[in-house]
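Quick note: numbers below take in every heavy atom, side chains included, and nothing from hydrogens, waters or symmetry partners. By convention in this document, chain letters (A, B, ...) are assigned in the order of the sequence lines, proteins followed by strands, and residues within each chain are numbered from 1.
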There are 2 protein chains.
Amino acid sequence: MGMKKEKEILQKYIAHKRLKLTRQRQFILETFLSMESHISAEELYREVSKREPSIGLATVYRTLHLLSKSGLAQERQFGDGQTRYEHDFNRSHHDHLICTECGDITEFEHPMIEKLQEEIADRNKFSIYTHRLDIYGLCKRCKR
Amino acid sequence: MGMKKEKEILQKYIAHKRLKLTRQRQFILETFLSMESHISAEELYREVSKREPSIGLATVYRTLHLLSKSGLAQERQFGDGQTRYEHDFNRSHHDHLICTECGDITEFEHPMIEKLQEEIADRNKFSIYTHRLDIYGLCKRCKR
DNA sequence: TTTGATAATGATAATGATTATCATCATAAT
DNA sequence: ATTATGATGATAATCATTATCATTATCAAA
Ligand SMILES: [Mn+2]
Ligand SMILES: [Mn+2]
Ligand SMILES: [Zn+2]
Ligand SMILES: [Zn+2]
């Protein structure tokens, strides 16, 4: 897989912050990149444990924070009680359709909606830092 | 205050489900209606405790669930780690601008955004049950 | 009205996700 | 190689919320 770029970004962030590049961090990053997006810390931990059972859950949490801060991951809350993480390298902003039946998450972009949000912000003299639009319902497989 | 209608709704729900109308439930409803929206269970509990110190926190949680199921309250998550509740009687759908500095929450409605969401759902053969659009940033008082 | 069935309450223990603590280990600069 | 310091793994702590359970209150029936 082409995860060279991502590894470089992590190395750069680590160097800049005077942190250390550990075996665990590298392995957790590789595993994270090899998985689907929108995974929880627990799910990543289970996958990591398959090949590196000595890596602890706390380290997975710590590394996920590190990846978020370095721009490789993004934290998301979909209301199921746990934080989920998605890839955030070379990815543009998007929002989500969440199936309440099977948990499937579909991504979408809609520039017009984004633009209308600016309008709302202006109207309220509000300065937008970020936003999230989560649409809950039944995916095409679960409905009927 | 005109909370007669709300009391009736609670009574009806309770009768329908063969539950019981207790002093606690009535007092918690009154207090809830007398407060601003978007409050947490803990905040409501503190307010309730001022006049009825014997009412327990668990009962506040239980009553908030009851109010949600009966259509008098709506649960919301704004990412601060606790569930917040807002009035939901005779209120139409709306979304929120959340100030990350002072915590202020402003409501807005935007029919065009709602319509565009339908478009996205159709495009993905997705059937919408609900959605939330949370816009985070600085309110007019906090920016600059 | 009493009674009796059962739902509700308050105190508190339990839960589950996440974070903090700390002794030990690994990394990287010297 | 040495050494300073950040990282790790195990586990305790935290915090919001839920479950448990003995006791009490409600309400419909008698
Ligand atoms: Mn996504
Ligand atoms: Mn609101
Ligand atoms: Zn589905
Ligand atoms: Zn503000």
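- For the pair B:K17 NZ and C:dA8 P, the interatomic distance rounds to 12 Å; values are reported in whole Å.
- Proximity of a side-chain donor or acceptor of A:R25 to a complementary backbone N or O of A:K20 within less than 3.5 Å is detected.
- A sub-4.0 Å separation between OP1 or OP2 of C:dT18 and a side-chain N or O of A:Y61 is present.
- Under a 4.0 Å N-O distance rule, the pair B:R123/B:E119 qualifies as a salt bridge.
- No engagement by B:S40 is indicated, since no non-hydrogen atom pair under 4.0 Å with the nucleic acid exists.
- For the pair A:T100 (side chain) and A:Y136 (backbone), a donor-acceptor distance under 3.5 Å is absent.
- C:dA17 atom C1' lies 16 Å from atom CD of B:Q82, rounded to whole Å.
- If you measure from atom NE2 of A:H16 to atom P of D:dG6, you get 15 Å, rounded to the nearest angstrom.
- Listed nucleotides C:dA7, D:dT17, D:dA4 differ in distance to B:K20; the shortest reach to its side chain belongs to C:dA7.
- Taking only side-chain atoms of B:A58, from C-beta outward, the nucleotide of D:dT8, C:dT18, C:dT12 with the closest atom is C:dT12.
- Rounded to whole angstrom, the span from the CD atom of A:E42 across to the C1' atom of C:dT15 amounts to 14 Å.
- Across A:R84, A:Q82, A:H38, a single residue satisfies side-chain hydrogen bond (donor to acceptor under 3.5 Å, both in side chains) together with A:E43, and that is A:R84.
- Residue A:E52 contributes atom CD, which lies 13 Å from atom P of D:dT8 at whole-angstrom precision.
- Looking at heavy-atom distances under 4.0 Å, A:S54 makes contact with sugar-phosphate atoms alone, never a base.
- To the nearest angstrom, P of D:dA28 lies 12 Å from CG of B:L19.
- Distance from the side chain of A:T59 is smallest to D:dT8 among C:dT18, D:dT8, C:dT9.
- Closest approach of A:K143 and B:F126 over heavy atoms only: NZ-N, 3.8 Å.
- Rounded to an integer number of Å, the gap from CD1 of A:I14 to C1' of D:dT5 is 15 Å.
- Which of D:dA7, D:dT8, C:dA11 sits closest to the side chain of A:Q24 comes down to D:dT8.
- OP1 or OP2 of C:dA8 has at least one side-chain nitrogen or oxygen of B:R25 nearer than 4.0 Å.
- The side chain of B:L21 sits closest to D:dC27 out of D:dC27, D:dA7, C:dT19.
- Distances shown here put every side-chain N or O of B:T22 at or beyond 4.0 Å from the OP1 or OP2 atom of C:dA7.
- Following rounding to the nearest Å, A:R46 (CZ) and C:dA17 (C1') show an atom-to-atom distance of 13 Å.
- For D:dT18, one of the phosphate oxygens OP1 or OP2 lies less than 4.0 angstrom from a side-chain nitrogen or oxygen of B:H65.
- Residue A:R62 is in base contact, counting any heavy-atom pair closer than 4.0 Å across all strands shown.
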